[in-house]
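Remarks on the structure that follows.
A, B, ... follow the sequence lines: proteins, then strands. Residue 1 opens every chain.
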2 protein chains.
Amino acid sequence: MSLDIDLGTTARSAGRPREFDIDTALDKAISVFTERGYHGTSISDLRDAMGLTAGSLYKAFKDKRAIFLAAFDRYKQVRNALLDEELAKASNGRDGVYRMLCFYAENAHGQSGRHGCMAVGVAVEMAVFDDEAAAKVERSMDRFEDTFEALIRRGQEDGSVSRSIEPKATARLYLSVVQGLRVLGKTSPNREETFSVVDVAMKLLD
Amino acid sequence: MSLDIDLGTTARSAGRPREFDIDTALDKAISVFTERGYHGTSISDLRDAMGLTAGSLYKAFKDKRAIFLAAFDRYKQVRNALLDEELAKASNGRDGVYRMLCFYAENAHGQSGRHGCMAVGVAVEMAVFDDEAAAKVERSMDRFEDTFEALIRRGQEDGSVSRSIEPKATARLYLSVVQGLRVLGKTSPNREETFSVVDVAMKLLD
DNA sequence: TCAATTGGGAAACGATCGTTTCCTAATATG
DNA sequence: CATATTAGGAAACGATCGTTTCCCAATTGA
């Protein structure tokens with residue numbers, strides 16, 4: 001009789017068990033990749049941040065790119081979960097848009113603003129030369145755009161958003177604003193300025 | 001008697017004259033750095049693109065970082081000149097804002113959209129670890145924000161822009177939109193979507 | 001208890017990085 | 001013409017890159 005520690009779906013495989021948690025390690029990788037970028041991050045950087053030896057890294061992942069893509073997948077998963085949690089509180093369509101904008105504004109200013117956004121980093125640094133990375137970011141962006149659009153339409157039905165605005169184009173603008181705030185947050189992560197943009201953006205729903 | 005080829009301010013200095021034009025070479029460097037990023041660009045890449053040997057590069061510039069900073073200075077100079085030229089055509093404040101948004105939308109879509117924006121690249125990749133680069137981008141962003149604000153105020157005086165909007169906050173939003181379009185242009189540089197954002201953004205002036 | 005299998009970790013790998021050196025070529029100055 | 005100065009260009013530099021190898025440790029299944 002033995003305790004089965006594995007909480008996943010598959011039974012533990014043969015061989016010596018991994019001594020570190022993959023997701024915990026990936027969270028560290030996310031932080032390093034976000035701050036330094038893909039090419040600016042060395043295996044040594046990852047090794048130090050993740051608290052592993054290079055050998056262990058290469059046992060768990062095929063190569064540096066695989067670590068990066070896995071980190072990005074986790075980044076999206078974690079952030080999407082947080083956003084969904086926030087949006088669940090929305091009382092109506094307009095409130096949902098506001099919460100979503102504030103969610104990003106909260107991350108685009110101050111320390112986390114300086115630190116940066118991994119999705120923006122991938123788009124800027126990787127999209128041109130890595131089709132798989134590009135597809136991942138595009139999917140992520142499309143998801144956010146669709147969420148904005150759905151909230152706008154919901155607002156038009158519940159009366160909190162003007163019927164005269166175009167949901168698709170306005171959603172695209174919101175997506176642009178949010179990504180732009182992430183860029184500006186790298187050099188001037190002022191809180192008031194960041195949230196003043198949110199206030200102006202909300203006027204588009206009147 | 002000899003022709004003085006040097007069109008600059010200083011007389012030609014002693015020693016063998018440089019055989020290439022610095023600005024022409026920097027234009028090539030801008031292209032490479034924009035597409036691959038700072039860390040993704042090697043001296044070999046620059047050597048090939050600029051049509052020089054590494055030795056000549058290091059005669060003209062202190063190191064890789066100096067090439068990058070010089071390229072970024074030139075990038076800003078060239079783009080600012082183009083923008084000023086476009087803004088000179090503006091018939092009023094609102095038209096100026098529209099021309100400025102279109103100027104960026106024109107570059108954020110299609111092939112140049114995929115290629116990317118050097119200022120965004122610097123902000124995302126360099127700002128955290130290079131104070132001088134960060135200061136340069138911030139100055140550049142501030143300049144654009146001030147230009148937007150001035151156009152909005154001009155519009156409020158000439159009657160083309162509503163008096164009830166806040167020039168500063170609205171300018172900041174426009175800046176965000178423009179930088180965001182650059183990010184989105186890396187993965188989905190669709191022309192219609194890009195310009196639809198401009199149309200929505202213009203509604204803020206009513 | 002004994003293969004088979006997988007992870008941990010140190011060391012080493014070839015490749016490429018950014019940079020310098022060294023020699024020759026071309027100009028200004030005296 | 002002689003000297004000083006700077007550029008062009010090939011080759012080489014040490015350092016670091018991403019990755020692999022090798023050996024030992026820990027586990028599963030027979």
Problem set entry | Nearest-angstrom distance from the residue atom CG of Leu46(A) to P of dG18(D) | 8 Å

For this session: Using a 4.5 Å cut-off on heavy atoms from C-beta on, say whether the side chain of Glu193(A) contacts that of Val197(A).
Result: no

Problem set entry | Nearest-Å distance for atom pair CG/P, residues Asp21(A) and dG7(C) | 14 Å

Problem set entry | Earlier contact from the 5' end, DNA chain C, for Ser44(B) and Gly55(B) | Ser44(B)

For this session: Report yes if some heavy atom in the side chain of Phe61(B) is under 4.5 Å from a heavy atom in the side chain of Ile22(B); otherwise report no.
Result: yes

For this session: Take Lys59(A) and Ala54(A), find for each the nucleotide of DNA chain D with the closest heavy atom, and name the residue whose nucleotide sits nearer the 5' end.
Result: Ala54(A)

For this session: Please state how far atom CG in Asp45(A) lies from atom C1' in dG18(D), giving the value in whole angstrom units.
Result: 12 Å

Exercise. How about Ser196(B) and Asp199(B): does a side-chain donor come under 3.5 Å of a side-chain acceptor?
Worked result: no

Exercise. Within the structure, does a side-chain N or O atom of Ser56(A) lie under 4.0 Å from either OP1 or OP2 of dG7(C)?
Worked result: no

Problem set entry | Atom pair distance, as rounded to whole Å: NZ in Lys62(B) and P in dT20(C) | 8 Å

Exercise. In terms of the nearest nucleotide of DNA chain C, which residue is placed more toward the 5' end: Arg65(B) or Leu57(A)?
Worked result: Leu57(A)

Exercise. Starting at NE2 of His39(B) and ending at C1' of dG18(C), how long is that distance when rounded to a whole Å?
Worked result: 12 Å

Exercise. Out of dG8(C), dT19(D), dA7(D), which has the shortest distance to the side chain of Arg18(B)?
Worked result: dA7(D)

Problem set entry | Phosphate contact (dA10(C) OP1 or OP2) by Thr53(A) side-chain N/O below 4.0 Å | no

For this session: Just call it for Lys64(A): base, sugar-phosphate, or nothing, with non-hydrogen atoms closer than 4.0 Å on any strand.
Result: sugar-phosphate

Exercise. Rounded to the nearest Å, what distance is computed from the CD atom of residue Glu19(B) to the P atom of nucleotide dG9(D)?
Worked result: 6 Å

Exercise. In whole Å, what is the span from the CD1 atom of Ile43(B) to the C1' atom of dA15(D)?
Worked result: 15 Å

For this session: Would you indicate what Phe20(A) reaches in the nucleic acid, counting non-hydrogen atoms under 4.0 angstrom: base, sugar-phosphate, or nothing?
Result: sugar-phosphate

Seminar exercise, completed: From the candidates dT5(C), dA26(C), dA26(D), the one with an atom nearest any side-chain atom of Pro17(B) is dA26(C)

Problem set entry | Ser31(A)-Arg36(A) side chain donor-acceptor pair, cut-off 3.5 Å | no

Exercise. Cation-pi between Arg18(A) and Phe20(A): NZ/CZ under 6.0 Å from ring centre and within 45° of the ring axis?
Worked result: yes

For this session: Please determine if a side-chain N or O atom of Tyr58(B) lies less than 4.0 Å away from the OP1 or OP2 oxygen of dT19(C).
Result: yes

Exercise. Within the modelled atom types, does a donor on one side and an acceptor on the other bring the side chain of Arg16(A) and the base of dA25(D) under 3.5 Å apart?
Worked result: yes

Exercise. Rounding to a whole Å, what distance do you find between Leu52(B):CG and dA7(D):P?
Worked result: 12 Å

